[in-house]
Participant: 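Would you mind keeping the following structure in view while I ask a few things?
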Amino acid sequence: KEAQAFRQAAPLITLVFGTADIKRWWKGLPNELKSSIDSKIRNWSPESKEFLQALVRLDSLTYVQNDSFDLAVLKPLSELRYLNLKTCKLKATEVLNGFKTLEYLDVSETGLSNINWVAGLTQLKVLKAEKNQITEVSALKGLKNLTQVRLDGNPLPLQSTLAVCHAHPEWNLRWHSDWLRLHWLELDSAWTQTLKNKYPDLPEPDALHRLEHASTLQKPLCIVTGK
């Protein structure tokens, strides 16, 4: 712990420790994951002490696969700030709670049933968890740095999720775009033209969600004059 604290306090210094444990961990990783990690580290000879230390200091990882993936293997990568695991079938999701430095996380299409593990990720700015089986978002309430949340394609309840959206507009939460688009298509031309004047990018998903949060809307009157 002291060595890790020193490494975080002095990021420009390459501190070598725990090399044997890191080497065993590295050798046990799936080849596809090794390739994803190895592509991020090009300044050191493969499996040198410097290379192994650079592994655990990695701050960005994209691993997009369709296979089952046990998140426990990522535990040594405790300094990640960007993590994209889209389409991986995740196991041991509670491990995600340990990545306290994460600022960007994409776990879309991963089979998630909840996001309870997100509660401790206080540095998180962007969360993408689309097309899963998430049914509630209360775990997000303590995350004060969120600026973008993407939850389209989840069976979220309308009223409680709307209440969270209104309470936290800074999240830019997008969660039922298909439903909003269907309602948009049902509007008459007078409404659509008026709304497009106010929200020019309609019917893009972000604009539809902003429209949903509008406090007042007034439909234009069509006045017919006789000759």
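Owing to the predicted nature of the structure, the values given are computational and were not obtained by experimental measurement.
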Participant: Taking the inter-plane angle between the rings of Tyr82 and Tyr104 on a 0 to 90° scale, is it parallel (under 30°), tilted (30 to 60°) or perpendicular (over 60°)?
Facilitator: parallel
Participant: For Glu94 versus Trp117, what's the shortest heavy-atom pair and its separation?
Facilitator: CA-CB, 4.2 Å
Participant: Assess whether a salt bridge exists between Asp206 and Arg150, defined as any Lys/Arg side-chain N lying under 4.0 Å from an Asp/Glu carboxylate O.
Facilitator: yes
Participant: When you compare the side chain of Leu33 with that of Gln65, does any pair of heavy atoms fall below 4.5 Å?
Facilitator: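 Counting from C-beta outward, Gln65 and Leu33 never come under 4.5 Å.
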Participant: I'd like to know whether Glu136 forms a side chain to side chain contact (heavy atoms under 4.5 Å, CB included) with Asn116, so could you lay out the CA-CA distance, the side-chain angles of the two residues, the decisive distance to 0.1 Å, and finally the verdict.
Facilitator: CA-CA 9 Å; Glu136 59 94 22; Asn116 296 336; 3.3 Å; yes
Participant: Check the hydrophobic clustering (I, L, V, M, F, W, Y; side-chain heavy atoms under 4.5 Å; chains of links allowed) and say if Leu146 and Val126 are grouped together.
Facilitator: no
Participant: I need the minimum non-hydrogen distance between Ile134 and Pro155, along with the two atoms involved.
Facilitator: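 Smallest heavy-atom distance, with atoms named: O-CD, 3.4 Å.
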Participant: Working to the nearest 0.5 angstrom, can you tell me the gap between Leu102 CG and Asn97 CG?
Facilitator: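 Answer for the CG-CG pair, Leu102 versus Asn97, is 10.5 Å.
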Participant: Is there a path of hydrophobic side-chain contacts, each under 4.5 Å between heavy atoms of I, L, V, M, F, W or Y residues, that connects Val64 with Leu74?
Facilitator: no
Participant: Counting only N and O atoms by type, is there a donor-acceptor contact under 3.5 Å from the side chain of Asn132 to the main-chain atoms of Val107?
Facilitator: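 The answer is yes, because a donor-acceptor pair under 3.5 Å joins these two groups.
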Participant: Where do His176 and Asp152 come nearest, in terms of heavy atoms and distance?
Facilitator: N-OD1, 3.0 Å
Participant: For the NZ atom of Lys131 and the CD atom of Glu109, what is their distance to the nearest 0.5 Å?
Facilitator: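 So the gap between those two atoms works out to 5.0 Å.
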Participant: Can you tell me how far OG1 of Thr110 sits from CG of Leu71, rounded to the nearest 0.5 angstrom?
Facilitator: 8.5 Å
Participant: Hey, what do you get for CD (Gln123) to CG (Asn145), rounding to the nearest 0.5 Å?
Facilitator: 5.5 Å
Participant: So for atom NZ, which belongs to Lys75, do other residues, nucleotides or ligands contribute more than 12 heavy atoms lying within a distance under 6.0 Å?
Facilitator: no
Participant: Got a sec: does the CG of Asn197 have more than 12 other heavy atoms crowding it under 6.0 Å?
Facilitator: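 Count over threshold, so yes.
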Participant: With no hydrogens and no angle check, is any side-chain donor or acceptor of Arg181 less than 3.5 Å from a backbone partner on Pro203?
Facilitator: yes
Participant: Search all heavy atoms of Tyr63 against all heavy atoms of Cys88 and return the closest pair with its distance.
Facilitator: O-SG, 3.1 Å
Participant: I'd like to know if Asp106 pairs up with Lys86 as an ion pair, taking the criterion as any Lys NZ or Arg NE/NH1/NH2 lying under 4.0 Å from an Asp or Glu carboxylate oxygen.
Facilitator: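 No.
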Participant: Would Leu29 and Leu58 show up in the same hydrophobic cluster when neighbours are defined by side-chain heavy atoms closer than 4.5 Å?
Facilitator: yes
Participant: Begin with the C-alpha distance, continue with both residues' side-chain angles, and end with the deciding distance and a verdict on side chain to side chain contact (heavy atoms under 4.5 Å, CB included) for Asp59 and Glu79.
Facilitator: CA-CA 6 Å; Asp59 66 359; Glu79 298 183 24; 5.7 Å; no
Participant: Start with the C-alpha distance between Thr93 and Ile115, add both sets of side-chain angles, then the distance that settles side chain to side chain contact (heavy atoms under 4.5 Å, CB included), and finish with yes or no.
Facilitator: CA-CA 9 Å; Thr93 54; Ile115 52 172; over 6 Å; no
Participant: With clusters defined by side-chain heavy atoms of hydrophobic residues (ILVMFWY) lying less than 4.5 Å apart, directly or transitively, does Leu195 cluster with Leu182?
Facilitator: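 Each belongs to a different hydrophobic cluster.
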Participant: Give a yes or no answer on whether the side chain of Thr192 reaches the backbone of Ser189 with a donor-acceptor pair at less than 3.5 Å.
Facilitator: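 At least one qualifying donor-acceptor pair exists.
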Participant: List the atom of Arg210, the atom of Asp201, and the distance in Å for their closest heavy-atom pair.
Facilitator: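 That closest heavy-atom pairing would be NH2-OD2, 2.9 Å.
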Participant: Among Val164, Leu121, Leu127, which residue satisfies the side chain to side chain contact (heavy atoms under 4.5 Å, CB included) criterion with Leu140?
Facilitator: Leu127
Participant: For the residue pair Ile37 and Leu55, establish whether any side-chain heavy-atom pair is separated by less than 4.5 Å.
Facilitator: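 Yes, close enough: below the 4.5 Å cut-off.
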Participant: Going from CG on Leu61 to CZ on Phe99, what distance comes out if it is rounded to the nearest 0.5 angstrom?
Facilitator: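 If we round to the nearest 0.5 Å, Leu61:CG and Phe99:CZ are 9.0 Å apart.
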Participant: Can you tell me how far apart CG (Leu90) and CG (Asp70) are? Round to the nearest 0.5 Å.
Facilitator: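 Taking CG in Leu90 and CG in Asp70, the distance rounds to 9.5 Å.
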Participant: Looking only at non-hydrogen atoms, find the nearest pair between Leu208 and Trp184 and report the distance.
Facilitator: CD2-CB, 4.0 Å
Participant: Ring-plane angle category for His183 and Trp179, please: parallel below 30°, perpendicular beyond 60°, tilted otherwise.
Facilitator: tilted
Participant: Which is it for Leu180 and Glu212 under the side chain to side chain contact (heavy atoms under 4.5 Å, CB included) test, yes or no, and what are the steps along the way?
Facilitator: CA-CA 8 Å; Leu180 290 174; Glu212 184 179 38; 3.8 Å; yes
Participant: Just checking Lys34: does its NZ atom have more than 12 heavy atoms from other residues, nucleotides or ligands closer to it than 6.0 angstrom?
Facilitator: yes
